[in-house]
Structure formats: C-alpha cells, structure tokens
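No hydrogens, no waters, no symmetry mates; every other heavy atom, side chains included, goes into these values.
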Amino acid sequence: MTRRVKLAACQMGPVQSSASRPEVVGRLIHLLERAAKDGATLAVFPELALTTFFPRWEIDNETKLDVFYEASFPNAETQPLLDAARRLRIGFAIGFAEMVQDGAAKQRFNTMALVDAEGQVAGLYRKMHVPGSEMPEPGVTVHLERRYFAPGNLGFPVFDIDGLRVGLALCNDRRWPETYRMLCLNGAEIVLIGYNTPLLLDEAPQLAHLRMFHNHLPMQAGAYQNTVWVAAAAKAGLEDGQALIGGSCIIAPTGEITALATSLADEVVTYDADLGLIETCRRVNFDFARYRRPDQYRRICE
Ligand code: CDV
C-alpha cells in the first residue's frame, strides 16, 4: 500500500519587533488553517518564528534579551497554536528561542519543537550548527547567534509522529551534509527545516546573486543523497530593516523541488508526498545497507 503525506511549508513574511506574541501566533494559526484546508497533515514554520531575527543586533541588556525567548513551550501565549493543530488534525514544527533555567544560570538554545496532530509536543531539536560570532566583526554582517545560543546538545533525533519518521533542522544546518546523513541514518523519512537567511552579506557581496541557489542546492543534494523528503520554510522579506530571502519549498528524494513559494510574504505551499519514492530512489542508487562502507571510511579519515 502506498504511504503518502501531504506536506506544507508555511513561509512567513517579516515578523517586526513591534509584533506581539498573540499577533504572531494569530498569523501562524491562519497559516496552519490554510495548510489544513489544502489537505496537509504535516507543516513546517520558520526558525525563530515567534519573533524578529534578533541576532542581527548587539543586545547587552538581559531583560531586553529575555523578551525574545520562551521559558517553556507551549505557554499561555503559544498554546492556541497547539489547540489549532488538534482542531485541524495537523502536526507541525516551529522554531523559537528557548531558555532553560539551570539553577541561577540561563541556558539558551535555537530550538525547534515538533507537535503532533493531537496538539502534543513530540520532541525538541536544538540547532547544532550555530553560525556567526559573539561580537560584531569588522566588514562582516552582524550575526550574533553564537552570543545568544549554545550549540545544540540533543544530537539529531528522529521522532515517530502520526505514523511518520520525522527529523528537524534549523537554517545553517541545512548547508551541512552531516545533518541529512545523521537524520537519515537515524531513520528519518521527512526532514523539516526552518530558516532566516539575509539576502546580502557585507563579507561577500560578489556572491549575492547565488543566495537562492545556495539555499536550494544543499537541500536538494541532501534530499537526493539521503533519499528523504525535505520541507523548508523561510522567514522572508524586509524584517526590521534587513532583507531575508524566501524560497520556501518541498523537495522530493529525487532532489526535485516539487513546490516553491513565489512571494516574500506569508504563503503556504503544499505537496502530496509519496513516501514510496524513498525506497525507489534507494534501490536505484543509495541502498545504504548494501553499499555504504562505514568501516572503511573510518580507517581513511582517522
Ligand atoms: N540563521 C542562520 O543560520 N543563517 C545562516 C547564515 C546566513 C548566517 C544561513 O546559513 O542561512
């Protein structure tokens, strides 16, 4: 019997710093309703979907910084989104800044939660590849994720939800082959990715015309080389003065983009994904169990 799932990539236009959480959650619910109306049962939202992409700023005041973080997920402000998932019978992944109180200390992570169609949190992923720096650097676009987030400490978990094996990744993770390889060795059939990617980088203006190519290239290669479905959602448009790329998409295990957002605003794209394609692509080229040689790779690398 063919196993299928209708996937939705829920792109968001900018989330300005002036937007309140209830306002943003309202937008997310609307996107989820559009996805469900189109028949989707699994959706992905962007990285840091609840706030502006605050690592573009140097923030010294801890009280001002804490405003961007969730001390628990869900909480009173985000619970309506999980209630909507249950009402609409649709699972989703969403990125947010997570704060964990560890005694007197605060641990901070760039996190994605996976919620099932019952509106229950199935698990968390914490971004492994945290880019940028702790302090602004001359000639480089300010990107202070390493000031505000510790690298993830949960590995690359894969969750069983609603009969699917789902892995998660956040923004810069999508550029690294390890992300897809680890998730797929852990059994992922679908990888859900959220991202915030500036259109222009001060350090490499000559690469500006390749921003979208370098967005899709690693995700298409990751999907193809690991025989997995990928759904990726951008936060796009002019957010607090910084232009973010869009290009949210759904990619098949063949490496083909099967659905693509065309705007820089709130937009939902969906695709009816045939999970049988994973096995087909594996038979054609990537029968891991038969052809991979991890014992030999190790000997060569060490
Ligand atoms: N949020 C990100 O991880 N952004 C990175 C870059 C631009 C620092 C990215 O790979 O898109």
Just how far is it from atom [atom1] of [X] to atom [atom2] of [Y], taken to the nearest 0.5 Å?
X: L32; Y: L81; atom1: CG; atom2: CG; value: 6.0 Å
X: N172; Y: N196; atom1: CG; atom2: CG; value: 12.0 Å
X: Q11; Y: T262; atom1: CD; atom2: OG1; value: 8.5 Å
X: H129; Y: N110; atom1: NE2; atom2: CG; value: 13.0 Å
X: S20; Y: E77; atom1: OG; atom2: CD; value: 7.5 Å
X: Y69; Y: Q107; atom1: OH; atom2: CD; value: 12.0 Å

- Task: Can you establish whether the number of heavy atoms outside W57 located under 6.0 Å from its atom CH2 is more than 12?
- Result: yes

- Item | Neighbour count above 12 (heavy atom, 6.0 Å) for R86 CZ | no

One thing to verify: whether [Y] and [X] come together as a salt bridge, which I'm taking to mean a side-chain N less than 4.0 angstrom from a carboxylate O.
X: K127; Y: E98; result: no
X: E267; Y: R34; result: no
X: R27; Y: E23; result: no
X: D66; Y: K106; result: yes
X: D60; Y: R147; result: yes
X: D272; Y: R4; result: yes
X: D160; Y: R165; result: yes

- From CA spacing to verdict: side-chain contact (heavy atoms from CB on, under 4.5 Å), R175, M219: CA-CA 7 Å; R175 304 190 193 273; M219 294 196 287; over 6 Å; no

Contact between [X] and [Y] at the side-chain level, heavy atoms closer than 4.5 Å - yes or no?
X: L82; Y: P74; answer: yes
X: V166; Y: L114; answer: yes
X: L50; Y: V25; answer: yes
X: V44; Y: I193; answer: no
X: Y271; Y: K6; answer: no
X: W229; Y: L164; answer: no
X: I190; Y: L275; answer: yes
X: I29; Y: R87; answer: yes

Step through it carefully: locate the ring centre of [X], locate the ring centre of [Y], and say whether they are under 6.0 Å apart.
X: F45; Y: F96; result: no
X: F109; Y: F149; result: no
X: F53; Y: H143; result: yes
X: Y224; Y: F286; result: yes

If you look at every heavy atom in [X] and [Y], which pair is closest and at what distance?
X: G187; Y: V158; value: C-CG1, 4.2 Å
X: A150; Y: V130; value: O-CG2, 4.1 Å
X: L88; Y: A36; value: CB-CB, 3.9 Å
X: T51; Y: K235; value: O-NZ, 3.1 Å
X: G119; Y: A85; value: CA-CB, 4.4 Å
X: P253; Y: I278; value: CG-CG1, 3.9 Å

Side chain [X], main chain [Y], donor-acceptor under 3.5 Å:
X: Y148; Y: I59; answer: yes
X: Y125; Y: M128; answer: yes
X: Y195; Y: G246; answer: yes
X: S248; Y: A234; answer: yes
X: E47; Y: L170; answer: no
X: T141; Y: D202; answer: yes
X: T227; Y: A223; answer: no
X: N215; Y: R211; answer: no
X: N226; Y: G222; answer: yes
X: N186; Y: F156; answer: yes

Would you say [X] and [Y] are hydrophobically clustered, going by side-chain heavy atoms of ILVMFWY under 4.5 Å?
X: V100; Y: V121; result: no
X: L192; Y: V268; result: no
X: V269; Y: L244; result: no
X: L31; Y: L264; result: no
X: L7; Y: I94; result: no

- Message: Go through it in stages, so that I can follow the logic: the residues are R56 and T52, the test is side chain to side chain donor-acceptor pair (under 3.5 Å), and I'd like the CA-CA distance, side-chain angles, deciding distance and then a yes or no.
- Response: CA-CA 9 Å; R56 69 169 70 89; T52 190; 2.8 Å; yes

- Message: side-chain contact (heavy atoms from CB on, under 4.5 Å), that's the test. Do E137 and E203 meet it? Break it down for me.
- Response: CA-CA 10 Å; E137 292 173 357; E203 60 272 34; over 6 Å; no

- Query: Between L260 and H216, does a side-chain contact (heavy atoms from CB on, under 4.5 Å) hold up when you go through it step by step?
  - Reply: CA-CA 10 Å; L260 179 62; H216 289 143; 3.7 Å; yes

Under a plain distance cut-off of 3.5 Å, with no hydrogens placed, do [Y] and [X] share a side-chain donor-acceptor pair?
X: N75; Y: E70; result: yes
X: T254; Y: E256; result: yes
X: T197; Y: R174; result: yes

- Query: Yes or no on side chain to side chain donor-acceptor pair (under 3.5 Å) for R146 and S133, after CA distance, side-chain angles and deciding distance?
  - Reply: CA-CA 5 Å; R146 294 188 80 84; S133 54; over 6 Å; no

- Item | Distance under 6.0 Å and angle within 45° of ring axis: R181 vs F288 | yes

- Query: Which is it for E178 and D173 under the side-chain contact (heavy atoms from CB on, under 4.5 Å) test, yes or no, and what are the steps along the way?
  - Reply: CA-CA 8 Å; E178 290 87 337; D173 286 326; over 6 Å; no

